[in-house]
**Q** 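My questions will all concern the structure given below.
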Number of protein chains: 2
Amino acid sequence: MGAVRKLPPTALPRPSARARILSAAADLARDVGPANLSLDAVAARAGVSKGGLLYHFPAKLDLLEALVGDHLETFDRDLETQQALLGAGPAAALHAYLDVSLADCRKQTPPPAGVLAAIVQHPEMLKPIKHFKRQILDRLKADTGHDATTLVAFLVMEGLRSMKLFDADVLSDEETATAMEALRAMIGRIEEAGGV
Amino acid sequence: MGAVRKLPPTALPRPSARARILSAAADLARDVGPANLSLDAVAARAGVSKGGLLYHFPAKLDLLEALVGDHLETFDRDLETQQALLGAGPAAALHAYLDVSLADCRKQTPPPAGVLAAIVQHPEMLKPIKHFKRQILDRLKADTGHDATTLVAFLVMEGLRSMKLFDADVLSDEETATAMEALRAMIGRIEEAGGV
DNA sequence: TTTACTGTACCGTCTGGACGGTAATGTCAA
DNA sequence: TTGACATTACCGTCCAGACGGTACAGTAAA
């Protein structure tokens, strides 16, 4: 057991145990199903003893909360940087949201599986997620000044996200691109109309 | 134990045990979290002994499969009746899909929670669902002849559905209505353009 | 000495499922 | 019409295993 584990921590800085545990949990959730996540299995995949896992996350709930928290924080940070990058263009917030959501969906190892595990095991963890999404939606509506288009864009991204969440793409990449194009065109139309 | 259960089977035909079990499972999934569905709890809520439950569904997997199967069948049947009702109007299939999806989302006791339980406990159960959705999407695309609009509409409904799936509405009813209106207008535009 | 673990052993609880029984409801020949 | 048997639709109990969590002794680096 644990034979390979003794590389010097200075060379190639192995990701922190905490990070390894989190990503192992997300991977496992995708492999065995979000409902069947066990601490033993997470520890094994992360290359950590069970004692070590419990050192970082004293209870399972703590691990699940971290899974959700990390995801939300990352998304929020990405959103801000992208919005800064786009500057003060028309409907910049909405475009940034589209960009980041799409990029999030494209990540090969989607943390969403971990988030899903958290939600289905402790439904009350939806609350922060709901709150987060609501905030974003309100910000987008304020930014575009055109509710209908914003809502449609928001829902489209939610649809895309839900497919990735379950690791069950129904759409091909081309179809996704087609939909995104139509969406951008729609947004462009409200820009021309002086909506922004 | 089982004291109340002896009403004559002729008066007020209690829903079949099978149906009661299925709806109890869906309700429970929403209450305790889709990952925490246990046969004991389902049996108790359905007013059936565990042995009785196992008689109808020899293994847990069978129950979960029934949950998925029933939902898909119901949706399919609703879709057909609604399409027949709309007749051969322009983009009738898409409008029917919108109607049925929306009605499905409005049901107070959404079976989706049961479907979610099935998926997160046995991810391979996504396959029939994916297949089903893919079929519908292809049918819609063929019917409208306008991929972009169809894809956007499909994704919007998926977004709406995913919110109901988690019992986590971010949108208010008015917002949903606004989005649907915009969607219908979009579809109307391809109808005018002779897309159909 | 403290921090960050490893490794092992263990406990109480819950879960899926097997199993043996049983009451009611047909089915059918005599 | 009746008795014999079969099927259906359950009930109630039991169990092996998995799980979350605890406890603790040891260790290696900073």
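To find a chain, count down the sequence lines: A is the first, B the second, and so on, and within it residues start at 1.
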**Q** Do the side chains of A/Arg45 and A/Asp40 get close enough for a salt bridge, i.e. N-O under 4.0 angstrom?
**A**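 Looking at A/Arg45 and A/Asp40, the cut-off is not met.
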**Q** Starting from C1' on C/dT15, measure out to CD on A/Gln121 and report it in whole angstrom.
**A** 15 Å
**Q** Taking A/Asp78 for the side chain and A/Val100 for the main chain, is one N or O donor matched with an acceptor at less than 3.5 Å?
**A**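 Judged by distance alone, no pair lies under 3.5 Å.
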**Q** Salt bridge or not between B/Arg139 and B/Asp143? Use side-chain N to carboxylate O under 4.0 Å.
**A**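 No, this pair does not count.
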**Q** By nearest nucleotide on DNA chain D, pick out whichever of A/Asn36 and A/Leu54 is the more 5' one.
**A** A/Asn36
**Q** NA contact type, B/Leu63, heavy-atom cut-off 4.0 Å: base, sugar-phosphate, or nothing?
**A** nothing
**Q** To the nearest Å, how far apart are B/Asp62 CG and C/dA18 P?
**A** 11 Å
**Q** Taking the side chain of A/Val48 as heavy atoms from C-beta outward, which of C/dT6, D/dC19, D/dG21 is closest to it?
**A**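 Closest nucleotide to the A/Val48 side chain: C/dT6.
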**Q** Is the shortest distance from a Lys or Arg side-chain nitrogen in B/Asp70 or B/Arg18 to a carboxylate oxygen in the other one below 4.0 Å?
**A**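 Counted as a salt bridge, because a side-chain N and a carboxylate O are separated by less than 4.0 Å.
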**Q** Figure out the CG/P separation between A/Leu61 and D/dC19, and round it to whole Å.
**A** 18 Å
**Q** If you look at every strand shown and take non-hydrogen atoms under 4.0 Å, does B/Leu37 touch a base, only sugar-phosphate, or nothing?
**A** sugar-phosphate
**Q** Answer yes or no: is there an ion pair linking A/Glu158 with A/Arg161, defined by an N-O contact shorter than 4.0 Å?
**A**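 Yes, A/Glu158 and A/Arg161 are salt-bridged.
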**Q** Looking at C/dG16, does its base get a donor-acceptor pair with the side chain of B/Lys50 below 3.5 Å?
**A** yes
**Q** C/dG17, D/dG21, C/dT15: which one has an atom nearest the side-chain heavy atoms of A/Lys60?
**A**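 Per side-chain heavy atoms of A/Lys60, the pick is D/dG21.
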**Q** Whole Å only: how far is the CG atom of A/Leu53 from the P atom of D/dT22?
**A**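 Computing the A/Leu53:CG to D/dT22:P distance gives 13 Å.
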**Q** Salt bridge or not between B/Asp104 and B/Lys164? Use side-chain N to carboxylate O under 4.0 Å.
**A** no
**Q** Closest approach to the side chain of B/Ala59, judged atom by atom: which nucleotide of C/dT6, C/dG16, C/dG17 is it?
**A**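 The listed nucleotide nearest to B/Ala59's side chain is C/dG17.
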**Q** Whole Å only: how far is the CZ atom of B/Arg18 from the P atom of D/dC10?
**A** 12 Å
**Q** For nucleotides 1-4 of chain C, print each protein N/O atom paired with a nucleotide N/O atom at under 3.5 Å, atom names and distance only.
**A**
| from | atom 1 | to | atom 2 | distance (Å) |
| --- | --- | --- | --- | --- |
| C/dA4 | OP2 | A/Tyr55 | OH | 2.8 |

**Q** Would A/His146 and A/Thr149 count as having a side-chain donor-acceptor pair, cut-off 3.5 Å?
**A**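 Indeed, the side chains of A/His146 and A/Thr149 share at least one donor-acceptor pair under 3.5 Å.
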**Q** So if I take every side-chain heavy atom of B/Asp40 and compare against D/dC11, C/dG7, C/dT15, which nucleotide ends up nearest?
**A**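 So the side chain of B/Asp40 is nearest to C/dT15.
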